[in-house]
Number of protein chains: 2
Amino acid sequence: MALRFNLREQIVQEIGREIVQGRLRPGENLPQEYLLCQQYQVSRTVIREALKGLSTRGLVKARPRVGTQVCARKDWQMLDPDVLIWYFEGKPQGEFLRHLTEIRAMIEPAAAELAAQRATPEEIARIEKCFRQLEKSIASPKQWIEADIEFHVSILNACHNILLQSLVNTLRKTLLKSRALSVPLPESGPGQNLTSGIELGIDRSVYHHQQIFSAIRDRDGAAACRHMQALLRDVAAAVETLISLSER
Amino acid sequence: MALRFNLREQIVQEIGREIVQGRLRPGENLPQEYLLCQQYQVSRTVIREALKGLSTRGLVKARPRVGTQVCARKDWQMLDPDVLIWYFEGKPQGEFLRHLTEIRAMIEPAAAELAAQRATPEEIARIEKCFRQLEKSIASPKQWIEADIEFHVSILNACHNILLQSLVNTLRKTLLKSRALSVPLPESGPGQNLTSGIELGIDRSVYHHQQIFSAIRDRDGAAACRHMQALLRDVAAAVETLISLSER
DNA sequence: AAACTCCATTTGTCATACAATATGATAATT
DNA sequence: AATTATCATATTGTATGACAAATGGAGTTT
């Protein structure tokens, strides 16, 4: 067992995975606290604090005399980064990226349009700064991904909608915590064509980003929306490519 | 203090509000555990389990020797329904509805289009059932709101995107837990014109819903998108009306 | 100035006891 | 017989006291 966490956190992770990945099913009772103490060889304090971590995430509900039951899926706080990670760990590679890209394709064009109307001069300057950083990062995949994320976050923040910002922040945290992005890079040996393929895509990507930034700066919402759509079509295609490559 | 909750939950709520509503600021230290025990007149067990609930939501971080610090806002799990409610409690009336409607206007047209492509026959039947229920509920505001929510949820679920479903579920839970919807109804005395205004809107609303359902059934994504946009324009206008009325 | 050692402070963990609560069985009442 | 009231019991909720582990800083050495 990894020692990155304290006892409580380790047990949260273990039981959390058991539930979210379906080995403990909704309605089932967890063993009683004193049995969990024996099972994990820890004190009841640790078990109870771990169960609190799960009940805060809506995964279990404890009641005296009844015990601790696994909640129905509709009660789960799926938008907790840990819950999301546990969930997608149990799914095929790339599934998270696929869903993420899809919801981005729904949101970001409309968000770009709104940002074009609402962004303050400071926010436009911030978007430009992120774009310049992106231009400078085409050589380094790691830096490029970071700069790319910052660019999109800066646009979404310019919408001045706290719910949107919260969603983006959650997805960003999940993306960075998960290994979703660290998968395709290791196999740079035989897949040299993958690298060139990505670089081919990067030129188009930089162009799209430039067009999006210009449109927002010029307060042209329709154009910002259009170019964001085009960019996300490319992203979706790239994700599918990565998935098919990682399946070999 | 309401006794709806156990001690731990009460303290989670109290300190959670202190943080999210800004009376305890990021970087600040909470009092040490033994001091909190004195302050709230409870055992350290309760304090620790409460702090655990806050740290799971990303509001605080505890470290030996250093104490328990309020986290930066970017670390907060804003999409936890409790955190959202605490946050909007500190904001003007209707602020949550406004932000909610805005993010719906970004997402739902695209989602309706996707649903038109992807919905299974069962899901289309479900959407129709929700629409029929809506038609039957025009007389009862309470039932109408429920049916309306179910209709939109059924469309969003037909997109088969777990992230989208999770977001919708979170917002739905928050809406139902908060008093956001229970505000305008009490003042039905002098505001009779409000009622008639809403009923005028309901006719249009039923029409829009009908068009949306038909478009999805007929696999006409573009039309579904168009009609959803029209509906949400009306919703946004209604929200603004309610806000201005509640400000009198 | 940098690295190391030690110390004091705070949270982390353990153990035990008792209180509160919800369920099901049992008894009392109609 | 059906319903209600009571009680016993199992499980989590809370309290208390003790010790362990981790961390930051002061002081020491190089």
Side-chain angles (χ1 to χ4, degrees), chain A residues 1-16 18-19 24-72 75-76 82, chain B residues 1-16 18-19 24-72 75-76 82:
Chain A
M1 186 190 300
L3 293 178
R4 290 171 48 206
F5 303 113
N6 54 26
L7 288 177
R8 161 175 44 82
E9 193 55 29
Q10 290 174 43
I11 292 172
V12 168
Q13 299 267 331
E14 286 197 37
I15 304 183
E18 294 285 316
I19 294 172
L24 280 169
R25 308 176 70 166
E28 260 185 85
N29 262 277
L30 264 60
Q32 300 150 0
E33 292 177 351
Y34 82 93
L35 287 175
L36 289 171
C37 295
Q38 296 174 12
Q39 186 174 334
Y40 290 98
Q41 288 293 303
V42 295
S43 70
R44 203 178 147 210
T45 307
V46 169
I47 290 295
R48 281 187 58 80
E49 293 186 359
L51 292 180
K52 292 283 138 3
L54 297 175
S55 73
T56 299
R57 294 176 169 93
L59 298 180
V60 303
K61 184 172 172 62
R63 281 153 57 201
R65 158 88 209 205
V66 150
T68 302
Q69 295 181 323
V70 178
C71 292
D75 297 318
W76 297 358
D82 285 317
Chain B
M1 184 188 303
L3 294 178
R4 290 169 48 205
F5 301 114
N6 55 25
L7 288 177
R8 163 178 42 86
E9 194 55 28
Q10 290 175 43
I11 292 172
V12 168
Q13 298 266 331
E14 288 197 35
I15 304 183
E18 294 285 316
I19 294 172
L24 280 170
R25 309 176 70 167
E28 259 185 86
N29 261 278
L30 265 61
Q32 299 152 0
E33 291 176 353
Y34 83 94
L35 288 174
L36 289 171
C37 295
Q38 296 174 14
Q39 185 175 335
Y40 290 98
Q41 288 293 302
V42 295
S43 70
R44 199 174 153 217
T45 309
V46 169
I47 290 295
R48 280 188 57 82
E49 294 187 355
L51 292 180
K52 187 75 207 37
L54 297 175
S55 74
T56 299
R57 293 175 169 94
L59 298 180
V60 303
K61 183 171 174 61
R63 281 154 58 203
R65 157 88 210 200
V66 142
T68 302
Q69 295 182 323
V70 178
C71 292
D75 296 320
W76 297 359
D82 286 317

Legend entry - Residues that Lys52(A) engages under salt bridge (charged side-chain N to carboxylate O under 4.0 Å, His left out), provided they are two or more places apart: Glu49(B)

Hey, what are the protein-to-nucleotides 12-18 of chain D N/O distances that come in under 3.5 Å?
| residue | atom | partner | partner atom | Å |
| --- | --- | --- | --- | --- |
| dT12(D) | OP2 | Glu33(A) | N | 3.3 |
| dG13(D) | OP2 | Arg48(A) | NH1 | 2.8 |
| dG13(D) | OP2 | Arg48(A) | NH2 | 3.2 |
| dG13(D) | N7 | Arg44(A) | NH2 | 2.9 |
| dG13(D) | O6 | Arg44(A) | NH1 | 3.3 |
| dT14(D) | OP1 | Leu7(B) | N | 2.9 |
| dA15(D) | OP2 | Ser43(B) | N | 2.7 |
| dA15(D) | OP2 | Ser43(B) | OG | 2.8 |
| dA15(D) | N7 | Thr45(B) | OG1 | 3.0 |
| dA18(D) | N6 | Arg44(B) | NH1 | 3.4 |

Inset, instruction - May I have all residue pairs that pass salt bridge (charged side-chain N to carboxylate O under 4.0 Å, His left out) and include part of residues 35-44 of chain A, sequence neighbours excluded? - result: Glu33(A)-Arg44(A)

Inset, instruction - Give the minimum heavy-atom separation between Ala72(B) and Trp76(B), together with the two atoms involved. - result: O-CD1, 3.3 Å

Legend entry - Pairs where residues 54-71 of chain A contributes a residue and the test side chain to side chain donor-acceptor pair (under 3.5 Å) is met, not counting sequence neighbours: Arg57(A)-Asp80(A), Arg57(A)-Asp82(A)

Legend entry - N/O donor-acceptor pair under 3.5 Å between Gln38(A) side chain and Leu35(A) backbone: no

Legend entry - Any donor-acceptor N/O pair, Gln13(A) side chain to Gln10(A) backbone, under 3.5 Å: no

Legend entry - Counterpart residues, side-chain contact (heavy atoms from CB on, under 4.5 Å), relative to Pro64(A) (two or more places apart): none

Legend entry - Which residues share a side-chain contact (heavy atoms from CB on, under 4.5 Å) with Tyr40(B), sequence neighbours left out: Ile11(B), Glu14(B), Ile15(B), Leu36(B), Val42(B), Ile47(B)

Legend entry - Approximate separation, where rounding is to 0.5 Å, of Leu7(B) CG and Ser43(B) OG: 8.0 Å

Legend entry - All side-chain contact (heavy atoms from CB on, under 4.5 Å) counterparts of Gln41(A), not counting sequence neighbours: none

Inset, instruction - Could you tell me, to 10°, how much the axis swings from one end of the helix from dA1(C)-dT30(D) to dT30(C)-dA1(D) to the other, five pairs per end? - result: 10°

Legend entry - Bounds of contact between DNA chain C and chain A, in 5' to 3' order, using a heavy-atom cut-off under 4.0 Å: dG12(C) to dT23(C)

